[in-house]
Amino acid sequence: VLNKLKLVFCPFLHKGSWARIPEQSPGGLAFKPPRNDINAPDLYVPLMGFWSYVVAASTLQVRRGEFTPEGVAVHAWWGAVFWAGAAIFLWMALRSMSTAHVRVGAPLLDVVAYAGYAFPLSAFAVWTKIILAGWSWAPTAATAWGALSGAVFVVKTTKRIIFSEARHRGVDGNTHNYLLLALAGAQFPLHFALAGV
């Protein structure tokens, strides 16, 4: 988990390959589980990040004197809406890269996991807003760092999916850079909206 968090928070420092590690199984080719492969998507880190975000947003309301029990449900609801929206956007982006001969995609839970990696970064930004309340620039810097890290992470993982599909089917994968740029750009409003609480 610590290695995965380091990868999500500082994807620029990842020197290894972003490709998943394949392994032979009786049913054919499969991939190693997240325990053995840092590039494998998992739902543990996104779910823990989601609930950390909900707790952090509720704690921020406590500090402001605006806390209500319904506020926890509201943060959970809006977090879930953002997560679902990000997952749908990522799934649609992958599907839009498909052609008549090449279907680019990933399993649904992988896409949900990739979209959920925004929550540990957003929770960090909200906790920064709580802990460093006197420093007005710190929450903005933490949110910007989270958005930049999320953009690099999403682009690297999405690019890996696209290029592995393209290589597998013998198609040039270099035509999709604008969509990767749109995915990276979408991370900034997502992170600033989540951390704005």
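Since the structure is predicted, the reported quantities are computational estimates derived from the model, not experimental observations. All residue numbers refer to positions in the sequence shown, counting from 1.
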Residues 106-120 vs salt bridge (Lys or Arg N to Asp or Glu O under 4.0 Å), sequence neighbours excluded, gives Arg20-Asp110

Once side chain to side chain contact (heavy atoms under 4.5 Å, CB included) is applied, do any residues pair with [X], and if so which ones, sequence neighbours excluded?
| X | value |
| --- | --- |
| Ala144 | Phe192 |
| Phe89 | Leu183, Ala186 |
| Leu7 | Lys4, His14, Trp18, Ile38, Asn39, Phe153 |

Main chain of [Y], side chain of [X]: is a donor-acceptor contact present, judged purely on distance under 3.5 Å?
| X | Y | value |
| --- | --- | --- |
| Thr157 | Val154 | yes |
| Lys129 | Ala195 | yes |
| Trp91 | Val111 | no |
| Tyr53 | Val126 | no |

Least distance between heavy atoms, [X] atom then [Y] atom:
| X | Y | result |
| --- | --- | --- |
| Ala86 | Leu190 | CB-CD2, 4.3 Å |
| Leu121 | Gly146 | CD1-O, 3.4 Å |
| Ala142 | Ala125 | CB-CA, 4.0 Å |
| Ala115 | Leu90 | N-CD2, 4.3 Å |
| Val54 | Ala76 | CG2-CA, 3.8 Å |
| Ala123 | Gly49 | CB-O, 4.1 Å |

Gap between atom [atom2] of [Y] and atom [atom1] of [X] - 0.5 Å precision:
| X | Y | atom1 | atom2 | answer |
| --- | --- | --- | --- | --- |
| Leu109 | Leu43 | CG | CG | 5.5 Å |
| Met48 | Leu5 | CE | CG | 11.5 Å |
| Ser122 | His191 | OG | NE2 | 5.0 Å |
| Leu60 | Arg63 | CG | CZ | 8.0 Å |
| Lys156 | Tyr114 | NZ | OH | 14.0 Å |
| Thr59 | His75 | OG1 | NE2 | 9.0 Å |

Determine whether [X] and [Y] make a side-chain contact, defined as any pair of heavy atoms from C-beta on separated by less than 4.5 Å.
| X | Y | result |
| --- | --- | --- |
| Val45 | Pro120 | yes |
| Leu148 | Phe12 | yes |
| Leu47 | Phe119 | no |

Sequence neighbours excluded, the answer for side chain to side chain donor-acceptor pair (under 3.5 Å) partners of Asp42 is Tyr117

Sequence neighbours excluded, the answer for side chain to side chain donor-acceptor pair (under 3.5 Å) partners of Trp127 is none

Within the supplied structure, the quantity of interest is the number of heavy atoms (other residues, nucleotides, ligands) at a distance under 6.0 Å from Phe67 CZ; does it exceed 12? yes

Apart from Val74 itself, members of its ILVMFWY cluster (side-chain separation under 4.5 Å) are Trp77, Trp78, Val81

For Leu181, the other hydrophobic cluster members (4.5 Å side-chain criterion, sorted by chain and number) are none

Contacts of Phe124 meeting ring pair (Phe, Tyr, Trp, His ring centres under 6.0 Å) (sequence neighbours excluded), chain-then-number -> Phe9

Side chain to side chain donor-acceptor pair (under 3.5 Å) pairs touching residues 136-150, sequence neighbours excluded, are Trp145-Ser149

